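Excluded from the calculations below are hydrogen atoms, water molecules and symmetry mates; all remaining heavy atoms, backbone and side chain alike, are included. Worth saying up front: this structure is predicted, and the values here are computed from it rather than measured. Each chain gets a letter, A, B and so on, in the order the sequences are listed, and its residues count up from 1.
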Number of protein chains: 2
Amino acid sequence: MRPKRPSIKDIASRLNVSVTTVSFVLNGKGPEMRISEEVTQRVLSYAKEVNYSPNRLAQSLRTGKSNIIVFMVEDISNPFFARLARIIEVIAYRKGYKVIFCSNENDDRHTQELLQVFRDQQVTGYIIIPSAGAKKQIQALLEAGIPVILFDRYFPGLETNYVVIDNENATYRATRHLIGNGYRDIGFVTLDTSQTQMLDRLKGYKKAVKEVRLKSRVLKLPYRADAPEGESCMRGFFEAHPELDAVFFATNYLTQQGLLVMREHFPGKLTDWGIMTFDDTEFFRIHTPSISAVAQPLEEIGHKLMEIMLELLRDGKETVHQVVLKAELRERDSSRPKAPRGV
Amino acid sequence: MRPKRPSIKDIASRLNVSVTTVSFVLNGKGPEMRISEEVTQRVLSYAKEVNYSPNRLAQSLRTGKSNIIVFMVEDISNPFFARLARIIEVIAYRKGYKVIFCSNENDDRHTQELLQVFRDQQVTGYIIIPSAGAKKQIQALLEAGIPVILFDRYFPGLETNYVVIDNENATYRATRHLIGNGYRDIGFVTLDTSQTQMLDRLKGYKKAVKEVRLKSRVLKLPYRADAPEGESCMRGFFEAHPELDAVFFATNYLTQQGLLVMREHFPGKLTDWGIMTFDDTEFFRIHTPSISAVAQPLEEIGHKLMEIMLELLRDGKETVHQVVLKAELRERDSSRPKAPRGV
DNA sequence: CTGAAAGCGCTAACAC
DNA sequence: GTGTTAGCGCTTTCAG
């Protein structure tokens with residue numbers, strides 16, 4: 001490593017051939033360019049001998065492509081995103097792409113700044129959970145002909161590739177499951193936002209309770225609330241609705257907050273209530289009681305995302321891929337039928 | 001974005017100055033090079049007008065520096081690493097660096113391959129949790145004069161920068177805490193590995209139990225065991241040692257596995273036993289019972305890592321930084337004194 | 001004070 | 001079949 005890494009030029013001069021020849025051989029264009037078998041072999045073996053590996057920067061500078069895929073989520077420390085990141089990473093590396101992860105904190109300005117940075121890096125493709133107001137930036141990328149895939153949510157008016165799950169139906173089914181197990185007053189805790197995935201979840205819940213003529217009780221937490229604030233809101237909600245016998249949290253971190261609130265202020269409800277969460281984590285499986293969850297098919301999402309990305313990179317954007325996957329309901333202790341309370 | 005981005009050349013020709021002048025001005029070397037105030041202003045304002053931003057690739061190619069920092073951990077989906085990643089990311093971006101995360105799966109070959117890829121990218125600096133046999137590769141980086149900081153563990157013989165915590169003392173104190181609360185038969189569940197951090201944790205445990213003449217009962221799980229295997233080992237261990245009244249898990253994922261095993265096969269022990277874990281997560285706080293944990297100071301580790309990294313990037317490696325931070329014991333329900341069992 | 005020019009390592013059109 | 005050469009966009013030495 002000390003003696004500076006060999007370049008194509010070094011190889012060429014050492015072998016008394018031109019850089020072109022070397023470049024062609026190394027890029028597998030030997031046959032195409034009808035480089036003699038003998039030269040090809042010499043180049044190849046010498047390259048291996050000196051452990052040649054191309055300078056990707058120079059390559060990228062020249063070709064305008066960096067083979068870097070950006071994976072932008074709200075917060076990489078959310079286990080849901082972290083696990084997905086891992087899946088994507090594995091596939092991408094196998095295909096010779098690198099992945100840069102980053103968190104946009106669901107903030108438009110932050111998204112904007114990050115995209116700016118990446119533009120400078122000639123990033124090859126983007127997989128993005130867009131913040132609410134990022135539509136314009138996404139559009140800019142699309143117009144520049146750069147592969148973009150949204151996931152988790154999308155912009156209804158925008159013709160882009162995306163991979164999402166059927167939030168409405170999944171929530172609907174989970175709510176019906178609660179109802180089927182005897183719960184009659186189901187609270188729904190969500191965020192006050194207009195993002196598609198959250199709206200759809202709310203819709204699914206409402207549809208289910210309406211169908212069986214139950215009351216809908218929704219708590220919309222202020223969107224950018226910090227944890228303590230969210231917790232006191234929930235506490236107020238639970239106190240104001242002593243009639244509740246179940247609660248459905250619309251995201252995994254809401255559930256975490258909610259469980260904490262219940263544990264501290266309403267310990268009895270932890271076992272009395274039906275509890276359902278959206279987005280499964282190891283945590284919910286081990287919790288006592290174990291928490292029933294709507295689980296997004298992480299592996300499938302990751303594979304689908306990369307499948308589309310690779311196709312886009314290969315063929316350019318011929319067709320728009322809009323994929324809606326099904327989520328899985330994982331029934332656990334927290335939603336089993338409880339002893340009747342005489343409702 | 002459509003009309004190709006402006007380059008220095010474009011600016012120069014538009015303003016009838018040379019690229020050199022523009023480059024100097026844009027890099028803040030105007031004063032140093034005594035570029036006239038007037039030209040400086042013209043360049044600056046025009047650059048802003050066309051929203052100029054340098055092509056980082058070209059810059060990197062020229063300078064040999066990419067401003068990319070690699071953050072390599074065992075598994076980015078481990079919440080401990082994910083949260084740390086987040087902290088590092090924030091600091092790095094603020095300083096104009098990008099961060100590439102990746103997971104080496106604690107595997108030497110994988111580490112090797114990744115480092116190879118990054119070498120091609122002229123990565124500026126590395127923050128690494130090394131896999132057991134990565135000493136040679138780390139050494140190669142050091143010899144090439146590339147900033148490297150290890151964390152979580154280190155190689156005893158190798159003079160490198162690292163940030164770790166005082167594993168032995170932390171484990172010692174946590175074990176003493178259990179003992180102080182009346183537990184007398186404390187099992188220690190760890191991995192069969194020679195990595196420093198795990199050895200130190202074991203040492204701390206042994207020191208504590210020896211001091212008060214208790215028996216040491218250690219389960220070393222096969223290093224690369226998959227989850228089911230680990231679980232059955234633990235189950236066997238618990239069954240073979242009915243005298244245990246507490247258990248100390250040496251990593252967060254061992255704890256997760258352990259809790260699952262207890263929940264399924266020894267539900268009573270979940271509340272009867274004292275439980276202690278290494279590495280805190282949200283999860284342990286919310287679990288019932290809440291799990292006492294030795295918490296690594298994530299913020300501090302992240303800041304320290306970046307502080308050292310920035311210094312290395314600025315000054316080159318003048319001194320070697322070896323930082324040992326203190327961990328915090330978070331006492332929760334799982335380690336409170338239990339009703340006496342008549343030991 | 002400013003400009004010309006070399007060159008980072010690679011690709012690819014073009015020439016022989 | 002193979003070589004020459006012109007850049008990609010930028011930094012920096014050297015000359016004025």
Proximity to the side chain of B:Thr20 - top-ranked nucleotide from D:dT2, D:dT13, C:dT11: D:dT13
Sugar-phosphate only, base, or nothing, as touched by B:Ser36 at under 4.0 Å among non-hydrogen atoms: sugar-phosphate
side-chain N/O A:Ser18 vs D:dG3 OP1/OP2, d < 4.0 Å: yes
Exercise: do A:Ser131 and A:Asp107 side chains pair donor with acceptor under 3.5 Å: no
Between C1' of C:dG7 and NZ of B:Lys9, the distance in whole Å: 14 Å
Nearest-angstrom distance from the residue atom CZ of A:Arg56 to P of C:dC10: 10 Å
DNA chain C contacts among residues 22-30 of chain A, heavy-atom distance under 4.0 Å: A:Ser23, A:Asn27, A:Lys29
Angle of first-five versus last-five pair axes in the helix from C:dC1-D:dG16 to C:dC16-D:dG1, to 10 degrees: 50°
4.5 Å side-chain heavy-atom contact, A:Ser103 and A:Glu74: no
Gap between atoms CZ and P, on A:Arg62 and C:dA12 respectively (whole Å): 7 Å
A:Val17 side chain, from C-beta outward: closest of C:dA12, D:dG3, C:dG3: D:dG3
Residue pairs fulfilling ring-ring contact (aromatic ring centres under 6.0 Å, His included) with at least one residue in residues 105-164 of chain B, sequence neighbours excluded: B:Phe71-B:Phe151, B:Tyr154-B:Tyr162
Residue pair A:Gln41 / A:Glu37, side-chain donor-acceptor N/O under 3.5 Å: yes
Interatomic distance where CG belongs to B:Asn55 and C1' belongs to D:dG9 [whole Å]: 6 Å
Nucleotide C:dG9, atom P - distance to NZ of A:Lys65 in whole Å: 24 Å
Any B:Thr21 side-chain N or O less than 4.0 Å from OP1/OP2 of C:dG3: yes
Residues A:Gln137 and A:Thr111: side-chain donor-acceptor under 3.5 angstrom: no
Single hit among B:Leu310, B:Ile91, B:Ile68 for side chain to side chain contact (heavy atoms under 4.5 Å, CB included) with B:Tyr97: B:Leu310
Test: A:Lys304 and A:Glu300 ion pair at under 4.0 Å: no
A:Tyr52 side chain near C:dC10 phosphate (N/O to OP1/OP2, under 4.0 Å): yes
Nearest-0.5 Å distance, CG of residue A:Leu115 to CD1 of residue A:Ile138: 6.5 Å
First of B:Ala58 and B:Val39 reached from the 5' end of DNA chain C, by closest nucleotide: B:Val39
Separation of C:dG3 P from B:Asn16 CG (nearest whole Å): 9 Å
Stepwise salt bridge (charged side-chain N to carboxylate O under 4.0 Å, His left out) check, B:Lys29 with B:Glu32: CA-CA 5 Å; B:Lys29 296 192 184 164; B:Glu32 188 182 331; 5.8 Å; no
Length of the CG-P vector between B:Leu61 and C:dC10, whole Å: 9 Å
Euclidean distance, atom CD1 of residue A:Ile8 to atom C1' of C:dC10 [Å, nearest integer]: 6 Å
Between B:Thr21 and B:Ser18: side-chain donor-acceptor atoms closer than 3.5 Å: yes
B:Gln59 side-chain N/O to D:dG9 phosphate OP1/OP2 under 4.0 Å: no
